[in-house]
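Structure, as C-alpha cells:
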Amino acid sequence: MLDIRTIREREADVRRALDLRGVGVDLDAVLALDRDRRSGLAEVEQLKNQRNVISKEIGALKKAGQDTAARQAEVRAMGDRIAELDRIVREAEEKLNNALLFMPNLPHPAVPPGHDAAQNRVVRQHGTPRSFDFEPKPHWELGEKLGLFDLERGARMSGAGFPLFTGRGARLERGLIQFMLDLHTTQHGYREIAPPFLCNAASMTGTGQLPKLAEDMYHVASDDLYLIPTAEVPVTNFYREEIIRDPLPVKLTAYSACFRREAGAAGRDTRGLIRVHQFDKVELVKFVEPETSDAELETLLADAEDVLQRLGLVYRILELCAGDLSFASSHTYDIELWAPAQKAWLEVSSCSNFGDFQARRAGIRYRNKDGKAAFVHTLNGSGVALPRLVVALLENGQRADGSIVLPEALHPYLGGLTVLD
RNA sequence: GGAGGGAUGGCAGAGCGGUUUAAUGCACCGGUCUUGAAAACCGGAGUGUCCUUAUGGGCACCGUGAGUUCGAAUCUCACUCCCUCCGCCA
C-alpha cells in the first residue's frame with residue numbers, strides 16, 4: 001500500500017510512476033477522499049475537545065455538590081453532530097483505504113520502462129545451452145517413460161494440473177527440497193520455518209494477494225481460508241502487526257506446496273509440468289532496513305542463482321520492466337532456466353524488492369536508529385520452484401537412450417543415485 | 001463439539017464510572033557517582049492520526065465491533081483469539 005501522504009505531497013511523481021506501470025488509477029478521487037476525511041476530522045476533533053473539557057468541569061462541579069443539568073444538556077446537544085461527523089469521516093476513510101488497497105506499488109527508479117514482457121531487460125546469462133547430437137525429448141516423455149510421474153492418474157484424482165510424482169520422481173522432489181533448504185540454511189544464513197499452507201484474508205491482504213488477485217487463489221469458503229499461492233504469504237506474515245525485535249536483516253526460508261488456479265491461463269502450457277495448479281517451492285524472505293533493500297535484492301538473487309549453479313544449469317537473469325512487475329513489487333529479477341526440448345527459457349524464480357508496500361499493509365515495523373517505529377522493507381524470491389527445475393534437469397540431463405544424468409550435488413540427496421534409467 | 005478461565009504499554013502486573021496526561025516492578029535510553037564496571041540515586045521514554053511547525057497543541061487507542069452515559073480501560077451486548085479440562089481424532 002502506498003502512503004497517502006506520499007500521494008498527497010508528491011502527486012506528480014506518483015502519477016508518472018503509475019502511468020509507467022500502465023495502470024489506470026483515479027488519483028483525483030483518492031485525493032478528494034483524503035480531503036473529505038481530513039476536513040471532517042478537523043471539525044469533529046474540535047467538538048470532541050469541547051466535550052472533553054465540559055465533561056471534566058461536570059465532574060468537578062458534581063464533586064463540589066453543584067447543579068450540572070445545564071452543562072449536561074449542552075454536551076448532549078453536541079452528540080448528534082459528533083456522531084454524524086464520525087460517520088462521514090469513517091466512510092471517507094473506508095473508501096480511501098479500499099482505493100489504496102487496489103493500487104499497485106510504484107516502480108523503483110532502476111526499473112526499465114516498458115509495457116510487457118517483451119521489454120524486460122536481459123541482465124546476464126550463465127552458461128551456454130548444451131548442444132545435442134540427437135533430438136532432445138520433452139520432459140513429459142522422459143518422465144512418464146522412467147516412471148517419475150503419472151500425470152494421467154494425477155488428473156483422475158484431482159484434475160489436470162495436479163501432478164502426481166511416483167517412485168524416483170517423488171524421491172527427486174523430496175531430495176531437491178532438502179538440497180535447497182540445506183543450502184540456504186547452512187550457506188546463506190536463512191532460518192528455516194515450516195508454515196501453514198492455508199492463510200486468512202488478513203495475511204493475504206498483507207502481502208498483496210487480496211483484494212485484487214482473489215480470482216487466482218483457491219478459497220475454502222466454509223472457513224474463509226485461502227490455499228497459499230506461495231510461501232511468501234505465511235513467511236512474510238510471520239511478523240504481521242509487530243515491531244520486530246530481532247536484529248535486522250531477518251532472513252527466513254521455507255518449503256511449501258503452492259496452489260494457483262491459473263485463472264486466465266486456460267490453454268497455455270497445458271502439457272507436462274510447466275504450468276500446474278499445485279507445485280512445491282522453497283521460498284526466501286527477508287525483512288531489512290530500508291536503506292539496505294537495494295543491496296539485499298542483489299544478494300537474494302545470488303542466493304537463488306547458487307542453487308542453479310550447483311546443479312550445473314544454464315540460466316539467464318531478467319530485470320522486469322515497469323509494465324511486467326507484479327502488483328506488490330517495486331523491482332524484480334526473474335531467473336529463467338533453459339529447457340532444450342521446449343526451446344524456451346522457463347521462469348523458476350522471481351526475486352523482488354517490495355519496499356515498504358507489504359510492510360505498510362501488514363503492519364511490519366522495526367525500531368530505527370532514532371528509536372522510532374518505522375516500516376521495514378520486505379523482499380522475497382523463489383529459491384527455487386520445483387516443477388520447472390525438474391523440467392530443466394530432465395531435458396538437459398538426458399542421453400540418447402532416454403536415461404538422465406543427475407548433477408553431482410544431488411547424489412547425496414538421492415541415496416547415491418547418479419542416473420535415472 | 002461441551003464446560004470453565006482469560007485478553008491492559010517490550011515483558012510482568014494494578015486499576016472495575018470523573019486528580020488515569022494508565023499505578024508499580026523489570027527491561028530500555030540519558031545523567032550523577034566510579035580508574036572502569038556493578039550497585040545506588042536523578043531524569044526520560046507507548047502507538048496512530050490531524051493542525052501548526054523552531055516549538056507546540058488536539059483527537060483516538062486498554063482483544064474487535066456495537067451500545068448506555070455529560071463522561072467508559074472500568075457498565076451492557078455480540079464477536080474473535082488464547083489457556084485449562086472433557087469428547088472426538090492424525
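Chain naming here is simple, since letters A, B, ... match the order of the sequence lines and numbering starts at 1 in each.
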Within a 6.0 Å radius of atom [atom1] on [X], are there more than 12 heavy atoms belonging to other residues, nucleotides or ligands?
| X | atom1 | answer |
| --- | --- | --- |
| A:Gln46 | CD | no |
| A:Lys137 | NZ | yes |
| A:Arg15 | CZ | yes |
| A:Arg367 | CZ | yes |
| A:Glu9 | CD | yes |

(message) Which label fits A:His188 and A:Tyr190: parallel for a plane angle under 30°, tilted from 30 to 60°, or perpendicular past 60°?
(response)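 Rings of A:His188 and A:Tyr190: perpendicular, over 60°.
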
(message) Tell me whether the rings of A:Phe162 and A:His277 are parallel (<30°), tilted (30 to 60°) or perpendicular (>60°).
(response) tilted

(message) Whether A:Asn49 contacts B:A60 is assessed here as follows: a side-chain N or O lying under 4.0 Å from the phosphate OP1 or OP2. Is that the case?
(response)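 Indeed not, no polar side-chain atom of A:Asn49 lies that close.
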
(message) Less than 4.0 angstrom between a side-chain N/O of A:Asn52 and OP1 or OP2 of B:C59, yes or no?
(response) yes

Whole-Å gap separating [atom2] ([N]) and [atom1] ([X]):
| X | N | atom1 | atom2 | result |
| --- | --- | --- | --- | --- |
| A:Arg71 | B:G18 | CZ | P | 20 Å |
| A:Lys48 | B:A72 | NZ | C1' | 14 Å |
| A:Leu85 | B:A60 | CG | P | 14 Å |
| A:Arg81 | B:C59 | CZ | P | 18 Å |
| A:Glu241 | B:U80 | CD | C1' | 15 Å |

(message) Closest-nucleotide mapping onto RNA chain B: is A:Arg51 or A:Arg245 further toward the 5' terminus? I mean the 5' end.
(response) A:Arg245

(request) Kindly say whether A:Gly206 contributes a backbone atom to a donor-acceptor pair with the side chain of A:Arg240 at under 3.5 angstrom? (result)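 Checked: no pair found.
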
Taking atom [atom1] in both [N] and [M], what distance in whole Å separates the two?
| N | M | atom1 | value |
| --- | --- | --- | --- |
| B:C51 | B:C42 | P | 41 Å |
| B:U21 | B:G56 | C1' | 16 Å |
| B:C11 | B:A60 | P | 25 Å |
| B:G6 | B:A90 | P | 34 Å |
| B:G71 | B:C61 | P | 13 Å |
| B:U8 | B:U24 | C1' | 14 Å |
| B:A23 | B:U35 | P | 37 Å |
| B:U53 | B:C62 | C1' | 31 Å |

(message) Rounded at 0.5 Å granularity, tell me how far CZ in A:Arg360 sits from CD in A:Gln358.
(response)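 Output value for this atom pair is 12.5 Å.
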
(request) Working to the nearest 0.5 Å, report the span between CD of A:Glu289 and CD of A:Glu291. (result) 5.5 Å

N/O to N/O distances under 3.5 Å, protein versus nucleotides 46-48 of chain B:
from  : atom 1 : to       : atom 2 : distance (Å)
B:U47 : OP1    : A:Arg367 : NH1    : 3.0
B:U47 : O3'    : A:Arg365 : NH1    : 2.9
B:G48 : OP1    : A:Arg365 : NH1    : 3.0

(message) Short of 4.0 Å, heavy atom to strand atom, which residues of residues 200-209 of chain A count as contacting RNA chain B?
(response)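 The answer is none.
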
(request) Kindly state which residues belonging to residues 27-44 of chain A come within less than 4.0 angstrom of RNA chain B, counting heavy atoms of the residue only, listed by number. (result)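 The answer is A:Arg37, A:Arg38, A:Leu41.
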
(message) Tell me which one of A:His108, A:His377, A:His331 satisfies side chain to side chain donor-acceptor pair (under 3.5 Å) with A:Asp294.
(response) A:His108

(request) Check the pair A:His184, A:Asp306 against side-chain hydrogen bond (donor to acceptor under 3.5 Å, both in side chains), reporting the backbone distance first and the verdict last. (result) CA-CA 9 Å; A:His184 296 311; A:Asp306 194 24; over 6 Å; no

(message) Just to be sure I follow the notation: if a pair is Watson-Crick (purine N1 to pyrimidine N3 plus N6-O4 or O6-N4) or a G-U wobble (N1-O2 and O6-N3), each under 3.5 Å, what dot-bracket string does RNA chain B give, with | for pairs to another strand?
(response) ((((((((.[[[..)..(.....]]].(((((.......))))).((((((....)))))).[[[[[..)....]]]]])))))))....

Give every pair of a protein N or O atom and an N or O atom of nucleotides 63-69 of chain B that lie under 3.5 Å apart, one pair per line with the distance.
none

(request) Could you tell me which residues satisfy salt bridge (charged side-chain N to carboxylate O under 4.0 Å, His left out) with A:Glu84, sequence neighbours excluded, listed by chain and number? (result) A:Arg81

(request) Tell me, with the steps shown, if A:His219 and A:Asp224 meet side-chain contact (heavy atoms from CB on, under 4.5 Å). (result) CA-CA 7 Å; A:His219 180 227; A:Asp224 196 19; 2.8 Å; yes

(message) Is the shortest side-chain heavy-atom distance between A:Ile58 and A:Gln72 below 4.5 Å?
(response)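 A:Ile58 reaches A:Gln72 side chain to side chain.
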
(message) Is it the case that the ring center of A:Tyr218 lies less than 6.0 angstrom away from the ring center of A:Tyr226?
(response) no

(message) Whether the A:Glu305 and A:Tyr315 side chains hold a donor-acceptor pair (N or O, under 3.5 Å, no angle test) is what I'd like checked.
(response) yes

